[in-house]
Amino acid sequence: VKLTVIVLLLLAVTSIIGTVVPQNGMEQFYIQKYGEVFFKLFNALDIFDMYNAWWFILLLIVLSINIVVCSIDKLRTTWKIIFPDKVLFNIERFRKIKHKETFESNTALEALEEKYLNFIEKNFGMAVKEKIDVADNNTKSVAVFGESGRWTRLGVYVVHLSILLMLAGAVIGSVWGFKAFVSIPEGETVHSAFLRDNNEPVDLGFDLRCNFFKVTFYDTGQPEEFKSNLTVIEDDKEALTTDIVVNSPLRYKGLSFYQSSYGIDSAKSVMLKITSKDSGMSYSQKMEFGQTINIPESGGQFTLTQFVQGYNFRGHNLGEGFVGKFSDKAASDAETPDNPDNNINNKDIKNNDPHNNNGGTEIYIPIKFPTFDRMRGGAFIFEVQDYEKKYYTGLQVTKDPGVWYVYIGFILMIIGCWITFFMSHKSICVQIIENKEGRCSVVVSGTANKNSQGMKLKVSKIAAQMQKI
C-alpha cells in the first residue's frame, strides 16, 4: 500500500510537470524559454516528451505490478467469503444488531415459517431455516436466513482490472503508437506524415488525397467551420471518401486523421486590375498561372508566374501576393483590344512560352497593399482585385494501438465503481418465536458490508411487507 501511494504521488507530480512544460515543441522554443542549461537538463530527462519517457513508462509498470500483487494477496480471503464450502449463519451475530423490527402475529409458527421462507428466497435469491434452541420449553423458535450480493465484494477487483487495462493501453500506445502531422494542398496526394517529435517521415501504408477544403466564417471574420473532403487510395483504387471536421476524424486501418488547421497554400486564379497612368483607364482581367496577356494601349506583355507566401521589401514582409513578369514589348500575334467595358478581352490571353516572354521585369503584386505597385513608377499599375484561394488542410495523424484497452478499462471502471459504491453483500435474519398461547413474535434484523444506513431502511421495509403477508 505504501509503495502504491508513493508511485501515485510521483505520477501526480510528473503529470503536473507535463502540464506546465509544453510537450513536443521545437528546440529553439525551449532554448528561448528555459535557457541553454535547463534545456539540456530537461532534454536529458525527456521532460519535453515526458509521457513517452522511459522513466514514466517504468512508473506505470511498477504501479501495475503493485496493483497485481496487492489484488492477489487480498483475493484469497475474499474468494473464500464469496465461495464458501458451506454457508453458515450465526444467530448471535444478528441478535447483537441494535436496529431490529419486531411485530406480533396470530398465525401459527409453521405457516409463518413457510411464508417467510418463500418471501426471503424471492427477495434475496437464497434462504435457509434453522431451529433455534430456547430456554423455555413452552416456547418454540425458528430463524429464516437469507443473503444476496456475495459477489459484489469483487467490485474492487473489477476497478483494479480496469486500472491495469488503462495503464496497459497507455504503455502500448506510447511504445507502438505515434503522433504525426501532414499538410495536404487541395487536389494533391500524400503517402506519408511527419512525426511531431523529430519530424521524421512515417509511411501511412496508403495514399491520402485532399479533394477540396471548405471554410466558412462568422461576421466577425473568425472561422465558423472548416472541413476537408478526403479520399483514401489503396492499390490505385479509391477505398473511401469522406468529409472530416474538428472532432470528427477519419479512421482507417488503425490511423486517425483529425482536422487540426488550415491555411492558404497558393491561388487557383486571380482577378487583376491594370490601370494606365496616361489614359487613367482601368482594365480587369482574370488570369491563371502560366498565362500571358497583352496589356491594352500597346502597353506590353504580362505573364503571371507564381503565388508567394511572403515577399521581403526593405526588411519588411509584405505577406501573400502574386509575382509576374512585365515586358514593354507586346506579343506580335495578339491584338490590342478596343474595350469600352474596361475588361481585357480573352483573345489577349495566350499560353506562357519561356522562349517567347522576352525576359522582362519581375513585378510583385501584394494582396494587402493595393497601391504598392505605384512606387515602381511604371506606365501601368497592377493590383489584386480578387483571387480564388487554394487551401491546404492540416491534419493530425495518430496511431494508438492501446486505445481499445483504455476504452474497455474505462467501461470496467464505471461498472466496478458502481458495484463497489452502490451494491453490497446483504444478510437478513427473521426469527419467529411462538409462545405457549400460540401467538408469534417476529424479529427482523439485517446487516451489510457497506451502507449500513441503507440496510436499516431495507430491514424496515421488509418487516412492513412481511407483516402484511
Side-chain angles (χ1 to χ4, degrees), residues 71 73-158 416 418-469:
S71 298
D73 184 53
K74 300 291 183 181
L75 184 60
R76 297 171 185 172
T77 303
T78 305
W79 196 263
K80 291 179 180 179
I81 295 174
I82 298 173
F83 303 104
D85 295 332
K86 183 179 180 181
V87 179
L88 300 175
F89 290 97
N90 184 1
I91 188 65
E92 294 300 326
R93 178 188 173 202
F94 292 94
R95 286 174 177 171
K96 294 176 182 178
I97 298 174
K98 294 181 180 180
H99 180 78
K100 300 182 182 69
E101 294 290 337
T102 305
F103 60 90
E104 302 291 327
S105 176
N106 293 322
T107 307
L109 183 145
E110 289 75 9
L112 287 179
E113 176 187 326
E114 188 66 26
K115 290 179 180 180
Y116 292 165
L117 189 66
N118 293 333
F119 179 84
I120 295 298
E121 186 174 9
K122 180 180 178 181
N123 286 272
F124 284 82
M126 63 88 64
V128 295
K129 64 178 181 179
E130 288 186 12
K131 184 178 180 182
I132 307 300
D133 295 329
V134 292
D136 189 350
N137 293 329
N138 296 320
T139 302
K140 294 189 294 183
S141 180
V142 172
V144 178
F145 299 99
E147 69 169 6
S148 66
R150 279 182 179 262
W151 63 272
T152 61
R153 294 177 181 269
L154 290 174
V156 66
Y157 299 98
V158 176
W418 180 268
I419 295 172
T420 302
F421 294 109
F422 299 102
M423 303 181 74
S424 60
H425 176 196
K426 304 180 185 70
S427 301
I428 194 164
C429 173
V430 180
Q431 185 176 4
I432 310 169
I433 305 171
E434 185 183 59
N435 58 25
K436 58 185 179 181
E437 287 83 14
R439 287 179 57 83
C440 290
S441 177
V442 181
V443 181
V444 183
S445 58
T447 183
N449 67 327
K450 295 189 292 284
N451 192 12
S452 58
Q453 188 62 36
M455 190 61 192
K456 290 179 182 179
L457 297 175
K458 188 173 182 67
V459 167
S460 299
K461 182 179 179 181
I462 289 174
Q465 292 175 335
M466 296 177 71
Q467 196 170 1
K468 296 176 182 179
I469 295 178

Going by atom type alone, with no hydrogens or angles, which donor-acceptor pairs under 3.5 Å involve a side-chain atom of residues 86-94 and a protein atom two or more places apart or on another chain?
residue	atom	partner	partner atom	Å
N90	OD1	E92	N	3.1
E92	OE2	R95	NH1	2.7

Partners passing ring pair (Phe, Tyr, Trp, His ring centres under 6.0 Å) against F103 (at least two apart in sequence or in another chain): none

task: Examine the side chains of Q431 and S141 and answer whether a donor and an acceptor come within less than 3.5 Å of each other.
output: yes

- prompt: How would you list, by chain and number, every residue that makes a side chain to side chain donor-acceptor pair (under 3.5 Å) with S71, sequence neighbours excluded?
  reply: H160

task: For K129, enumerate each residue passing the side chain to side chain donor-acceptor pair (under 3.5 Å) test, keeping only those at least two apart in sequence or located in another chain.
output: E113

- request: Scan residues 459-469 for pairs that pass salt bridge (Lys or Arg N to Asp or Glu O under 4.0 Å), counting only residues two or more places apart or in two chains.
  value: none

- prompt: Would V442 and T102 satisfy side chain to side chain contact (heavy atoms under 4.5 Å, CB included), going step by step from the backbone distance to the final call?
  reply: CA-CA 6 Å; V442 181; T102 305; over 6 Å; no

field: Contacts of K115 that satisfy side chain to side chain contact (heavy atoms under 4.5 Å, CB included) - sequence neighbours left out
entry: I469

message: Can you list everything that forms a salt bridge (Lys or Arg N to Asp or Glu O under 4.0 Å) with R150? Sequence neighbours excluded, please.
response: E147

Can you give each donor-acceptor pair under 3.5 Å made by side-chain atoms of residues 446-454, sequence neighbours left out, with the distance rounded to 0.1 Å?
residue	atom	partner	partner atom	Å
N449	OD1	H425	N	2.8
K450	NZ	M423	O	3.2
N451	OD1	G454	N	3.1

field: By side chain to side chain donor-acceptor pair (under 3.5 Å) - contacts of N106 (at least two apart)
entry: R439

- prompt: Does some side-chain heavy atom of I462 sit less than 4.5 Å from a side-chain heavy atom of N123?
  reply: no

- request: State which residues pass ring pair (Phe, Tyr, Trp, His ring centres under 6.0 Å) with Y116; sequence neighbours excluded, sorted by chain then number.
  value: none

Contacts of type ring pair (Phe, Tyr, Trp, His ring centres under 6.0 Å), residue F119, not counting sequence neighbours: none

task: Can you sort out the partners of W151 under ring pair (Phe, Tyr, Trp, His ring centres under 6.0 Å), two or more places apart, ordered by chain and number?
output: none

